[in-house]
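Residue numbers start at 1 and run along the sequence shown. Because only heavy atoms are used, hydrogens play no part in the values below, and waters and symmetry mates are left out as well, while side chains stay in.
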Amino acid sequence: QVQLVESGGGLVQAGGSLRLSCAASGGTFSRYAMGWFRQAPGREREFVGALTWSGARTYYAESVKGRFTISRDNPKNTVYLQMNSLKPEDTAVYYCAAVLRPTTYYSGSSYDYWGQGTQVTVSS
């Protein structure tokens with residue numbers, strides 16, 4: 001059983017940056033592919049980014065490509081989401097998720113473990 005705890009959310013002005021962290025415990029972190037998803041009020045959860053267990057491959061939603069970077073530090077059991085050039089439409093609760101063998105990186109249904117989420121609010 002893997003436990004995930006996100007941190008780093010907050011309020012930032014448009015154009016600013018935030019770095020989210022997701023700390024994992026209870027499993028062999030380096031075996032898991034990790035993803036970030038977000039959900040805004042009244043909207044469905046959407047894929048943001050993901051990376052393989054080694055971090056060698058990364059995947060991004062078109063809406064965040066070139067602005068967000070996902071990375072991981074396996075010895076620290078942590079995955080990060082660096083968010084730059086933030087826009088008001090990035091406002092959402094951000095969740096990290098873990099899976100051993102994803103059928104697809106882009107769908108939340110592929111992931112087995114989820115954190116509680118961290119709020120990101122971008123003001124205009």
Side-chain angles (χ1 to χ4, degrees):
Q1 191 79 1
V2 175
Q3 291 82 44
L4 303 172
V5 179
E6 302 96 336
S7 61
L11 173 65
V12 64
Q13 289 188 332
S17 298
L18 281 175
R19 188 177 80 156
L20 305 184
S21 299
C22 173
S25 61
T28 305
F29 177 72
S30 61
R31 296 176 60 193
Y32 288 83
M34 300 296 297
W36 284 97
F37 291 78
R38 66 187 181 186
Q39 187 166 21
R43 300 187 65 176
E44 293 187 355
R45 180 179 62 195
E46 66 173 354
F47 171 78
V48 175
L51 78 173
T52 56
W53 64 271
S54 66
R57 293 188 179 180
T58 56
Y59 308 86
Y60 295 98
E62 286 296 326
S63 59
V64 306
K65 273 184 183 178
R67 299 189 299 122
F68 290 12
T69 303
I70 187 170
S71 62
R72 67 191 297 161
D73 186 335
N74 283 345
K76 293 185 177 180
N77 291 352
T78 302
V79 63
Y80 303 98
L81 183 67
Q82 178 67 45
M83 306 186 294
N84 299 327
S85 302
L86 282 160
K87 305 175 181 181
E89 51 263 43
D90 294 318
T91 295
V93 177
Y94 283 70
Y95 300 90
C96 68
V99 61
L100 276 176
R101 298 179 186 85
T103 53
T104 171
Y105 288 92
Y106 298 94
S107 172
S109 62
S110 286
Y111 294 80
D112 296 317
Y113 304 102
W114 292 82
Q116 83 290 347
T118 186
Q119 176 70 48
V120 172
T121 303
V122 184
S123 63
S124 57

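Here OH of Tyr32 is found 12.5 Å from CG of Asn74. Values are rounded to the nearest 0.5 Å. Put simply, CZ on Arg19 and OG1 on Thr69 are 11.5 Å apart, with the number rounded to the nearest 0.5 Å. Taking CG from Leu18 and CD from Gln82, the interatomic distance works out to 8.5 Å, rounded to the nearest 0.5 Å. A distance of 7.5 Å separates OG in Ser107 from CZ in Arg45, rounded to the nearest 0.5 Å. Of the inter-residue distances, the one linking Asp73 atom CG with Ser30 atom OG reads 11.5 Å to the nearest 0.5 angstrom. Distance check, rounded to the nearest 0.5 Å: OG of Ser85 to NZ of Lys87 gives 8.0 Å.
The nearest pair of heavy atoms linking Gly108 to Trp114 is O-CZ2, 3.4 Å. Taking every heavy atom of both residues into account, Leu11 and Ser123 meet most closely at CD1-CB, 4.3 Å. Smallest separation of non-hydrogen atoms from Ala92 and Tyr94: O-CD1, 3.4 Å. Nearest approach of Asn84 to Ser17, heavy atoms of both residues: OD1-OG, 2.9 Å. For Thr78 against Ala23, the heavy-atom pair with the smallest separation is OG1-CA, 4.2 Å.
Taken together through direct or relayed side-chain contacts under 4.5 Å among Ile, Leu, Val, Met, Phe, Trp and Tyr, Trp53 and Val99 form parts of separate hydrophobic clusters. Tyr106 is not connected to Met34 by any chain of hydrophobic side-chain contacts under 4.5 Å among Ile, Leu, Val, Met, Phe, Trp and Tyr, and they are in different clusters. Cluster annotation: Val79 and Leu100 are assigned to the same hydrophobic cluster (Ile/Leu/Val/Met/Phe/Trp/Tyr, side-chain heavy-atom contacts under 4.5 Å, transitive). Linking Ile, Leu, Val, Met, Phe, Trp and Tyr whenever their side-chain heavy atoms come within less than 4.5 Å puts Val122 and Trp36 in one cluster. Tyr95 and Tyr113 are not part of a single hydrophobic cluster, where members link through side-chain heavy atoms under 4.5 Å apart.
Ring pair Phe47/Tyr59: centre-to-centre distance not below 6.0 Å.
Counting only heavy atoms from C-beta outward, the side chains of Phe37 and Val93 never approach each other to under 4.5 Å. Here the side chains of Arg72 and Phe29 are in contact, with some heavy-atom distance below 4.5 Å.
Evaluation of the salt bridge (charged side-chain N to carboxylate O under 4.0 Å, His left out) test over residues 24-42, restricted to residues two or more places apart or in two chains, returns Arg38-Glu46, Arg38-Asp90.
For the residue pair Thr104 and Ser110, no side-chain donor N or O sits within less than 3.5 Å of a side-chain acceptor on the partner.
Counting only distance, with no hydrogens or angles, the side chain of Thr52 and the backbone of Arg57 share a donor-acceptor pair below 3.5 Å. Looking only at distances, no side-chain donor or acceptor of Glu6 sits under 3.5 Å from a matching main-chain atom of Leu20. Between the side chain of Tyr111 and the backbone N or O of Tyr105 there is at least one donor-acceptor pair closer than 3.5 Å. Judged by distance alone, the side chain of Tyr60 and the main-chain N or O of Ile70 form a donor-acceptor pair under 3.5 Å.
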